[in-house]
There are 2 protein chains.
Amino acid sequence: MEDVWKQFEENNITHSAAHHLLAVRDLKKTRGYARVTDVARYLNITTGSASTNLKNLKSKGLIREDENKFLELTDEGEAVATAVIKRKQLFYSFLVDVLNVNEEQADIDSCKTEHLLSAETAQKLEKFLNKYKKQAG
Amino acid sequence: MEDVWKQFEENNITHSAAHHLLAVRDLKKTRGYARVTDVARYLNITTGSASTNLKNLKSKGLIREDENKFLELTDEGEAVATAVIKRKQLFYSFLVDVLNVNEEQADIDSCKTEHLLSAETAQKLEKFLNKYKKQAG
DNA sequence: AGCAAATGTTTGGTATGGCAAACAGTTTGC
DNA sequence: GCAAACTGTTTGCCATACCAAACATTTGCT
């Protein structure tokens, strides 16, 4: 596989898109609904940006909208969001529990990488953490 | 620190820019010189793209150009490049030596994150790896 | 000298992803 | 009922970052 460095943007999803999915997911869960404005407020971006970005996610089949403009994740969107959350949690746990990185910094670092780690890395990191916590915990 | 998710692009350097620096560095080291065309070929992008991107790095003081259009890193550019390489090596080592991730996948994952990990994480990852290799190696 | 190849820059196009601001609907309150 | 507030979309603009293609310049060879 040549041009490894070019694969950076060739992920299933971008950082921004991932956070739009997470926003919809969290808003639905905690408030029962998610509209464009809610997502914009959640992410601290303008409604214009949120509108455009969410439209994009709709066109990719990750988000659905009902007759009343209420947003929710499709099954595929839910799967992507779940995977992102899982990767973030795993890496965060590694940073904090294993490396003793400051929680704030761990939050930043795990947030930046949550959409970039491969399934293989995530799976093996999980295994490692389970073993580690059994031993040291 | 709010808007953690927005910090993704607020790094010292972008993924693309980092690889332009690494290209100049490697070309200088292995061939003795680095020109726009060399960087373009190295990164498998057009000379137009390389020209624009390198101009940007020049304006940021990370790259210098002599009278003959030969490029080299400034001290600051060298420092950034070195840090990127170090982070990539550390994470690669963690993936391969600790997690047993496939080398090809580890290359991809470490390449994606090389410019994103914090100094704290890098420093603590290094400590961890030293200990780990003394024990298990 | 002169032409061709190599090198480098610029221009116009794509895409993401921010912004502000104009605009269009809908809902709410008086 | 009507104005104000709220919600959503669209339009221009910015920056990054890629492309192709046109253009300019420099180098090299005969």
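The sequence lines fix the lettering, A, B, ..., with proteins before strands; numbering per chain opens at 1. Source: prediction; values computed, not measured.
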Can you tell me if [X] uses its side chain to pair, donor with acceptor, with the backbone of [Y] under 3.5 Å?
| X | Y | value |
| --- | --- | --- |
| A/Thr74 | A/Leu62 | yes |
| B/Thr121 | B/Ser118 | no |
| B/Thr113 | B/Leu116 | no |
| A/Asp26 | A/Leu22 | no |

If you restrict it to nitrogen or oxygen atoms, what contacts under 3.5 Å exist between nucleotides 12-14 of chain D and the protein, and what is each distance?
none

Do we see a donor-acceptor contact under 3.5 Å between the side chains of B/Ser49 and B/Thr52? no
Check the angle between the aromatic planes of B/His115 and B/His15 and answer parallel, tilted or perpendicular using the 30° and 60° thresholds. tilted
Is there a side-chain contact between B/Tyr132 and B/Phe94, using heavy atoms and a 4.5 Å cut-off? no
Any ion pair linking B/Arg35 and B/Asp38 (charged N to carboxylate O, less than 4.0 Å)? yes
Under a 4.0 Å threshold between the charged nitrogen and the carboxylate oxygen, would B/Lys86 count as salt-bridged to B/Glu126? yes
Tell me, which of residues 32-39 of chain B have any heavy atom that sits under 4.0 Å from an atom in DNA chain C? B/Arg35, B/Val36, B/Thr37
So which of residues 54-74 of chain B are in contact with DNA chain C, with a heavy-atom cut-off of under 4.0 Å? B/Lys55, B/Lys69
What are the 5'-most and 3'-most nucleotides of DNA chain C lying under 4.0 Å from any heavy atom of chain A? C/dT16 to C/dA20
If a pair satisfies salt bridge (Lys or Arg N to Asp or Glu O under 4.0 Å) and one of its residues is in residues 75-85 of chain B, list it, with sequence neighbours excluded. B/Arg25-B/Glu78
For residues 89-102 of chain B, which residue pairs qualify under salt bridge (Lys or Arg N to Asp or Glu O under 4.0 Å), counting only residues two or more places apart or in two chains? B/Asp97-B/Lys133
N/O (side chain, B/Ser16) to phosphate O (OP1/OP2, D/dC18) under 4.0 Å: yes
Residue-phosphate contact under 4.0 Å: B/Thr14 side-chain N/O, D/dA17 OP1/OP2: yes
In whole angstroms, how far is the P atom of D/dG8 from the CG atom of A/Asn53? 15 Å
Rounded to whole Å, the CD1-P distance (B/Ile13 to D/dT16) equals 12 Å
A/Arg87 vs A/Glu114, test: salt bridge (charged side-chain N to carboxylate O under 4.0 Å, His left out). Steps then yes/no. CA-CA 5 Å; A/Arg87 284 195 293 261; A/Glu114 68 193 0; over 6 Å; no
Point-to-point distance, once rounded to the nearest 0.5 Å, from CH2 of B/Trp5 to CG of A/Leu43: 5.0 Å
Which is more 5' along DNA chain C, the nucleotide nearest A/His20 or the one nearest B/Ser49? Just name the residue. B/Ser49
